[in-house]
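All chains are named by letter (A, B, ...) in the order of the sequence lines, taking the proteins before the strands, and each is independently numbered beginning at 1.
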There are 2 protein chains.
Amino acid sequence: MRRPTLEAVAARAGVSRATVSRVVNGSATVNAQIRDAVLRAIDELGYVPNSAARSLVTQRTDSIALVVSEPAARVFSDDPFFSIVVRTVSQELENAGKQLVLMLASSPAGQTRVERYVAGGHVDGVILLSLHGSDPLPAALSRTGVPVISHGRPVSTVRPPYCDCDNVGGARAAVRYLVAQGRRRIATIAGPPDMTAGLDRLAGYREVVSGTDRRSLVAMGDFTRESGAAAMRQLLEDDPGLDAVFAASDLMAIGAMHTLRRAGRRVPDDVAVVGFDDIEAARFADPPLTTVHHPIAEVAKEIVRILLAPRDERPGEPVILPTELVVRDSA
Amino acid sequence: MRRPTLEAVAARAGVSRATVSRVVNGSATVNAQIRDAVLRAIDELGYVPNSAARSLVTQRTDSIALVVSEPAARVFSDDPFFSIVVRTVSQELENAGKQLVLMLASSPAGQTRVERYVAGGHVDGVILLSLHGSDPLPAALSRTGVPVISHGRPVSTVRPPYCDCDNVGGARAAVRYLVAQGRRRIATIAGPPDMTAGLDRLAGYREVVSGTDRRSLVAMGDFTRESGAAAMRQLLEDDPGLDAVFAASDLMAIGAMHTLRRAGRRVPDDVAVVGFDDIEAARFADPPLTTVHHPIAEVAKEIVRILLAPRDERPGEPVILPTELVVRDSA
DNA sequence: CTGAAAGCGCTTACAG
DNA sequence: CTGAAAGCGCTTACAG
C-alpha cells in the first residue's frame, strides 16, 4: 500500500503543494480556513511526510548518532555509565525533536560502517562515547564535515570538541583527602591507559602523592568490578601494609572492598577506600563508599546542547564540569 | 564543505551520471576501463552516495529499527536478554548490509515518536522486543505497511508475525522433571502477567501440576533477581514446607536461591530450584542452576532472516523454536 | 497569503 | 555497454 503524498493532500484540500508544505511545517502565514482544510485532509489521508524527500531538500535528517566504541557486552553490563548517558541523551534529543540512532562500533568493521553511515548523510551530528586511544573514528568523522562531539576527552590526535568532568581535579581531591586523614601508604587502582578517564585520574593521584614524602603504588583495572577485585589482590601482594586505596571508578572500588573483606582487612579502619563516579551502587555499598561525584548526566546534557547549538554559538574550548568529593564511610 | 555528488564524479571521470550510478551499485554491465576511471574519480573526490536521494528513488533505507518497549534502566540492566538480542540482531543485519537503529519506547510519547519515525519511511522494517500487554505499537505500526516482527509472542490483539521459543513446553518439562524427582509441593515464581513469556511459562506449570494430585502455589515476579528473592520470601511464608520451585527466569531463580540460603534451606536437598533461560549466570550460580534453555540468539537470528526475506517467502505461521531442560545441581 | 516552478541527488526504464 | 530523460516527494525563493 502506497503512502499518501503531499500531492494527494493538496488535491484533496484543493490547494497547492506549497500550501500543504507550509501547514505541515507550521508556517504562520496561512489562512486559518485553509489551514483547517489542509489539516483535515492530512488527517483523513493519514499523511506523514516522507523523510527522505524532506532530507534531500533541507539537507537535514533530524537524527543524531550516538556511537559507542565498546563491545555490546560492556554497554549492556551493570556499569550504569552507558545507561545514564543513553537515557539522558535520548531525553534531551526528544525535547529537541531529534531522533537518536544508537550505533555500536567495537570492531574495525563497525567503525567503517559508522563512517559510511555518517558520510552518507544519515545524521546531523555524532556523539562519541567511550573513546579508546587508537580509535580512528574522530579523524574519519571530522572529514565528513558532520558536527562531532565527544563525551569525555578523546586521546586521539585529531580531537573533536568534547565535554568532560574534571578528572584530574577529582582525583586530586580524593587523594588529598586521604593524605589529610593521615594515611601513609596510599595506592591507586587506575583505569585503562588508553582512555583519558584512566589517564587523568591517575595523573591526579601521582601529582598529589609526589608532592608528599609518599611513594606511589599503582595497579591497573578496566573500570569493572572484577578488575578492581583483581587489582586489589595485586596491591595487597605488592604492599601488605598499605592503608588506603583510591580507585578510578566506583565499580573497581566495590571490587576492591570485596577483596579487602576476604583478606580480613577492615574498611576504613585498616584500609580507607575512595572511588570515583558516585553511582548508585556507591551509596549502597558496605560500607557506603566515599567517592568523587562525576556529573555524568550533566555532561551528557551539555553535549547535546552544544551539538544542537548554531555553529557560531558553540564554545571554542572544551567544557569541563566540576567534580566534588562525597565523604561517606569507607574513608 | 559541500559533499561531492554523483554529478561531480561523472564530470571528473568523463562519463554520464547513469554510469557512475551503475558502478557504485555494482552493476555487471560496465566496461572495465570505464569502471576503473569512475572508481578513481570516486576515490579522489571521496564520494559517498547521499542516502536521502537514494532512498527517495529506491524506496528503501537499508535501516531496520529495533524497538524496545522497556525503560532504559531495564535494557541496560544486568539481564543479558537485551544484550544478546541487540548483539545478534546487530551482527545479522551487518551481514546483510543493513543498519540497526535502536529505539527505546517506554512511554506513550516514545511510542508516538516511534510510530511517526516508521511512518515517515525511515526504516524498511521493525523488530519489536519485550512487548507488554497494552502496547499500542503493533496496531499502530501495522497501519504503516512497514514489515514488523516481534521477538516473543505479543499479547496484543493486533498480532504481528513473531518468533519465540516454546515457553509452555519448556515450563512443562521443568515441572515434570520436578514431579519425576518426587517433589511434592512445587511452587512457581511467575513472570509479569502482561507478557507472554510470563503467561506461557505459568500455563505450562499449571498444566502439569493440575495433572497430578498437587496444589499449585504461585508468586509473581518481573523477571529480575530482586523480584525473585521477594517472591521466594512470599512463598516460604505461604507454605514453609514447599520442596521445589520453578522460576520463570534464571535471574528470578538466582534471587530465590539467595532467599532460600538466608532462610537456612539447602538447595537442592530441602528445596529444588529450576530456572528458565539458561543464561551464563545460571552456570556460575551456587549450586549451578538446573534450567530450561532458551535459544535467545537463535530466535533473534530467525527474526532477522524472516524480516529480510522476500514477502512471499515469509512463513505464514509463527516460528517456535524448541526449548530443552538442562539438568545441573539445583534440582 | 498563495501558487508555479525549480531543484535537492539519486536510480532506472528506454533508446541507441 | 552507455547516455538522455523522467521521476522519487518534498521545500523554498520568487512572483503576483
Contact letters for nucleotides 11-16 of chain C, in which S counts primed atoms plus P, OP1 and OP2 and B counts the base, heavy atoms under 4.0 Å: BBB---
Qualifying salt bridge (charged side-chain N to carboxylate O under 4.0 Å, His left out) pairs with a residue from residues 87-98 of chain A, counting only residues at least two apart or across chains: A/Asp62-A/Lys98, A/Glu94-B/Arg113
Residue pairs involving residues 106-130 of chain B (criterion ring pair (Phe, Tyr, Trp, His ring centres under 6.0 Å); sequence neighbours excluded): B/Tyr117-B/His122
Residues that B/Asp36 engages under side chain to side chain donor-acceptor pair (under 3.5 Å), provided they are two or more places apart: none
Nucleotide pairing, DNA chain D (Watson-Crick or G-U, distances under 3.5 Å), in dot-bracket with [ ] and |: |||.||||||||.|||
Atom-to-atom span, CG of A/Asn50 to P of D/dG9 - whole angstrom: 7 Å
Under 4.0 angstrom between B/Ser16 side-chain N/O and D/dG3 OP1 or OP2: yes
Separation of atom CD in A/Glu7 from atom P in C/dA4, rounded to whole Å: 11 Å
Spacing of B/Ile42 atom CD1 relative to C/dC10 atom C1', expressed in whole Å: 13 Å
Results of ring-ring contact (aromatic ring centres under 6.0 Å, His included) for A/His294 - residues two or more places apart only: none
Partner residues of B/Ser107 under the side chain to side chain donor-acceptor pair (under 3.5 Å) criterion, sequence neighbours left out: none
Side chain to side chain contact (heavy atoms under 4.5 Å, CB included) partner of B/Ser63, the single match among B/Val101, B/Leu100, B/Leu93: B/Val101
All side chain to side chain donor-acceptor pair (under 3.5 Å) counterparts of B/Ser156, not counting sequence neighbours: none
Whole angstrom value for the distance that separates P of C/dC10 from CG of B/Asp62: 15 Å
Distance test, side-chain N/O of B/Gln59 to OP1/OP2 of D/dG9, below 4.0 Å: yes
Atom-to-atom span, CD1 of A/Ile34 to C1' of C/dT2 - whole angstrom: 7 Å
Side chain to side chain donor-acceptor pair (under 3.5 Å) against B/Ser150, all qualifying residues, sequence neighbours excluded: none
Atom-to-atom span, CZ of A/Arg3 to C1' of D/dC8 - whole angstrom: 12 Å
Side-chain donor/acceptor of B/Ser55 to backbone N/O of B/Ser51, under 3.5 Å: yes
